[in-house]
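In this text the structure is predicted, and so the values were computed from the model without any measurement.
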Amino acid sequence: MDEEMMEFESEMYGEEIQSQIKDKLARKNYEVIASEDINFEDFYGKENQAEIEKTLNDMIKYFTETEEYEKCTIILKNLKKVQGNMISV
């Protein structure tokens with residue numbers, strides 16, 4: 001029983017760490033996007049754009065879950081820019 005409890009606690013700790021990392025990444029990415037210090041056009045190309053789109057969608061999902069809708073609006077605006085400039089190669 002003690003071994004099961006230790007395994008459970010280890011899993012819970014791992015999930016908490018993952019949650020903290022996800023939060024920090026989303027917030028740091030948001031800071032860059034909101035400050036307009038990034039020009040997505042510098043990264044345009046089929047692979048990069050798909051990855052940028054996925055990241056922005058993940059951020060929208062995260063901030064929707066945390067009910068930070070004002071952040072979603074800014075991210076969505078940038079997502080539409082990226083989608084409007086998709087390059088097919």
Novice: Using only atom types and a distance under 3.5 Å, with no angle test, would you say the side chain of Ser19 pairs donor to acceptor with the backbone of Glu15?
Specialist: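 Not a single qualifying donor-acceptor pair exists.
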Novice: According to a 4.5 Å side-chain heavy-atom criterion applied to Ile, Leu, Val, Met, Phe, Trp and Tyr, with indirect links allowed, do Phe43 and Ile33 form part of one hydrophobic cluster?
Specialist: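 Hydrophobic grouping puts Phe43 with Ile33.
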Novice: More than 12 heavy atoms of other residues, nucleotides or ligands under 6.0 Å from CD of Glu36: is that the case?
Specialist: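 No, CD of Glu36 has 12 or fewer neighbouring heavy atoms, counting only those of other groups under 6.0 Å.
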Novice: Distance check, rounded to the nearest 0.5 Å: Asn29 atom CG versus Lys71 atom NZ?
Specialist: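 These two atoms lie 13.0 Å from each other.
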Novice: Quick one: closest heavy-atom pair of Ile74 and Asn78, and the distance?
Specialist: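 That would be O-ND2, 2.9 Å.
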Novice: Report all side-chain donor-acceptor pairs from residues 56-64 shorter than 3.5 Å, counting only partners two or more places apart or in another chain.
Specialist:
{"residue": "Asn57", "atom": "ND2", "partner": "Glu53", "partner atom": "O", "Å": "3.2"}
{"residue": "Asp58", "atom": "OD2", "partner": "Lys54", "partner atom": "NZ", "Å": "2.8"}
{"residue": "Tyr62", "atom": "OH", "partner": "Asp23", "partner atom": "OD1", "Å": "2.4"}
{"residue": "Thr64", "atom": "OG1", "partner": "Ile60", "partner atom": "O", "Å": "2.7"}

Novice: Counting C-beta onward and ignoring hydrogens, is there a side-chain heavy-atom pair between Ile21 and Lys24 closer than 4.5 Å?
Specialist: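 Contact flag for Ile21/Lys24 side chains = no.
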Novice: Just verifying a value: how many Å separate Arg27 CZ and Glu68 CD, rounded to the nearest 0.5 Å?
Specialist: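 Arg27 CZ to Glu68 CD: 4.0 Å, rounded to 0.5 Å.
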Novice: Does Ile75 belong to the same Ile/Leu/Val/Met/Phe/Trp/Tyr cluster as Tyr69, with side-chain heavy atoms less than 4.5 Å apart forming each link?
Specialist: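 Per the 4.5 Å side-chain linkage, Ile75 and Tyr69 are not co-clustered.
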Novice: Nearest 0.5 Å, please: how far is CD in Gln20 from NZ in Lys22?
Specialist: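 Separation between the atoms: 13.5 Å.
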